[in-house]
Amino acid sequence: MTRFVDTLWTGARLATLDPQRPGLGIVEDGAIAARDGRIVFAGPHGDLPGDIDAAVCEDLDGRWVTPGLIDCHTHLVHGGDRAMEFEMRLAGESYEAIAAAGGGILSTVNATRRASEADLVASALPRLDALLAEGVTTVEVKSGYGLDEAAERRMLGAARDLAGARRVRVATTYLGAHAVPPEFKQDRAGYLDLVCERMIPALAAEGLADAVDGFCEGIAFQPDEIARVFTAAQAAGLPVKLHADQLSDLSGAALAARFGALSADHLEYTSEAGAEAMAAAGTVAVILPGAFYVLRERQAPPIEAFRRHGVPMAVATDCNPGTAPITSLLTTMNMAATLFRMTVGECLAGVTREAARALGRADEVGTIEAGKACDLAIWNIERPAELVYRIGFNPLHRRIFAGS
């Protein structure tokens, strides 16, 4: 019996990232068949079943194909910018000093609270479009710049709206525990009551949030406070993620692991014990070299410890207005390789297979395998290393989302 498919790509060199294949899962002279937005065959052309009949056949003439890229940690939706703080940092002010002076996250909170949902979508679209132009097909978007009920809902609603405005998968994350808003400056416990007892249950019930995140740091929230947030998230049926060990070691990585977090992110000060705990829990380390670069930090995340313990590593832009105003996942890979000595294979897996794991979506995206969504990036390159090696170079030939 003939099996009809919508599209058949042949003449491809595949970096499937299939964990059942070694390295990048390379298949020379590969083929991919898709029907109804999903992959029904991916592998050597010689193994292509003879009963497949395609409505559209395309010879890729030896081009490389990877899974569609995934940016698994962004703050794409926000009001305003913080170019002035960039100047302050250049003049020698620290991240902590800027925050103490009313800058940092709270300055973006003020701008975001003034913005309508439509305003937030309009300002986020150019940032999203820059990512899509480099082959991104899935993006995570955090809230955390509203810090009150109305503004946080607008942020998460705007993130959902992005998926309607563009052909892209959007994972939303509620980051209420990002900073204490000014109106709760003298009542941290009261703000946590709002986050844990009202916002998390409501956002889960409304389907606005796919996960819950927090910022565990001296200038943000302490481990016991984050533990309360995570307990509320789990009670509401939402998985958790954590900004951990970015500026100091508060054992954030171990805390994330204790709650079975999808990921712990930043991790510059993570200890050996933290890496070991993440490995045992299956928590993905999300490496964010953009913030490290912009803040001119000196302590790199413990990549060797993550390798030694078998912690999966993702790579993301951390696109945000203050510490990582970057909308290029390709450049971010180069930063991860250059600044942290991650390998080409680690970087490419980090923006595909491991990024999907960091979002809890490894069964849907991140590799080129039968049954997965047909999200692909087709490249005009001679070898996959070019995607990491070059700076300011975008060799994308075509982005395929849901099979087209």
Side-chain angles (χ1 to χ4, degrees), residues 3 5-71 132 134-138 167 169 312 314-315 329-330 333 337 343-357 361-390 393-404:
R3 288 194 290 168
V5 299
D6 299 316
T7 308
L8 174 65
W9 293 275
T10 60
R13 304 168 75 183
L14 309 180
T16 66
L17 278 299
D18 182 344
Q20 303 304 312
R21 298 177 183 271
L24 295 176
I26 289 175
V27 176
E28 299 281 357
D29 190 20
I32 302 172
R35 182 178 61 242
D36 297 329
R38 307 196 79 82
I39 298 169
V40 297
F41 174 84
H45 188 275
D47 294 343
L48 183 69
D51 59 354
I52 283 184
D53 185 7
V56 175
C57 296
E58 182 177 356
D59 183 354
L60 294 181
D61 195 26
R63 290 184 175 88
W64 279 95
V65 182
T66 69
L69 305 189
I70 300 169
D71 196 349
L132 303 189
E134 290 189 348
V136 169
T137 52
T138 298
R167 302 184 73 237
R169 302 178 200 280
V315 175
L329 198 51
L330 295 179
M333 282 197 289
T343 68
V344 166
E346 287 169 341
C347 290
L348 290 173
V351 299
T352 53
R353 184 181 65 219
E354 308 309 341
R357 291 181 61 176
R361 298 194 175 196
D363 60 342
E364 177 75 3
V365 294
T367 61
I368 302 175
E369 297 178 80
K372 297 281 185 79
C374 188
D375 293 357
L376 310 171
I378 305 172
W379 306 97
N380 294 315
I381 54 175
E382 291 299 319
R383 54 186 57 81
E386 288 184 57
L387 298 177
V388 181
Y389 151 72
R390 292 183 180 271
F393 172 69
N394 182 4
L396 186 70
H397 174 71
R398 189 184 312 162
R399 173 182 173 273
I400 304 296
F401 178 78
S404 63

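By convention here, the first residue in the shown sequence is residue 1.
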| query | Is the closest side-chain heavy-atom distance between T66 and L348 below 4.5 Å? | reply | no
| task | Please name the pair of heavy atoms, one in A355 and one in G350, separated by the smallest distance, quoted to 0.1 Å. | result | CB-O, 3.4 Å
| message | Within this structure, what is the CD-CH2 distance for the pair E386 and W379, rounded to the nearest 0.5 Å? | response | 11.0 Å
| Between CZ on residue R3 and CG on residue D51, distance to nearest 0.5 Å | 4.5 Å
| said: Whether the side chain of R399 engages the backbone of V136 through a donor-acceptor N/O pair (distance < 3.5 Å, no angle test) should be reported. | reply: yes
| Check ion pair R361-E364 (N to O, under 4.0 angstrom) | no
| field | Sub-4.5 Å side-chain heavy-atom contact between F41 and L8 | value | no
| request: Can you measure from CZ (R383) to CG (L24) and round to the nearest 0.5 angstrom? | output: 13.0 Å
| Where do G366 and A356 come nearest, in terms of heavy atoms and distance? | CA-CB, 4.0 Å
| Any donor-acceptor pair under 3.5 Å from R63 side chain to N380 backbone | no
| query | Is there a side-chain contact between P19 and T367 (heavy atoms, below 4.5 Å)? | reply | yes
| request: Measure the CG-CG distance between L69 and L387 for me, rounded to the nearest 0.5 Å. | output: 7.5 Å
| Nearest non-hydrogen partners of A373 and V365, listed with the distance | CB-CG1, 4.1 Å
| said: To the nearest 0.5 Å, what is the distance between CD1 on I400 and CD1 on I378? | reply: 4.5 Å
| message | Would you say that T16 contacts E369 through its side chain, given a criterion of any heavy-atom pair below 4.5 Å between the two side chains? | response | no
| Would you say H397 and W64 make side-chain contact, with heavy atoms under 4.5 Å? | no
| query | Where is the tightest heavy-atom contact between L396 and G135, given as atom of each residue plus distance? | reply | CD2-N, 3.6 Å
| task | Drop me the distance from K372's NZ to D363's CG, to the nearest 0.5 angstrom. | result | 7.5 Å
| query | If you take all heavy atoms of R21 and A42, which pair is closest and at what distance? | reply | NH2-O, 4.3 Å
| Which atom pair, heavy atoms only, marks the closest approach of E354 to P312? | OE1-CB, 3.4 Å
| task | Examine distances only and state if a side-chain atom of R357 and a backbone atom of A314 form a donor-acceptor pair shorter than 3.5 Å. | result | no
| query | Quick check: does any side chain N or O of E134 sit under 3.5 Å from a backbone N or O of L329, one acting as donor and the other as acceptor? | reply | yes
| query | Does any non-hydrogen side-chain atom of I368 lie less than 4.5 Å from one of V27? | reply | no
Can you give me every donor-acceptor pair (side chain of residues 52-60, partner residue at least two apart or in another chain, under 3.5 Å) with its distance?
from	atom 1	to	atom 2	distance (Å)
E58	OE1	W9	NE1	3.3
E58	OE1	R398	NH1	2.8
E58	OE2	R398	NH1	3.3
E58	OE2	R398	NH2	2.7
D59	OD1	D61	N	2.9

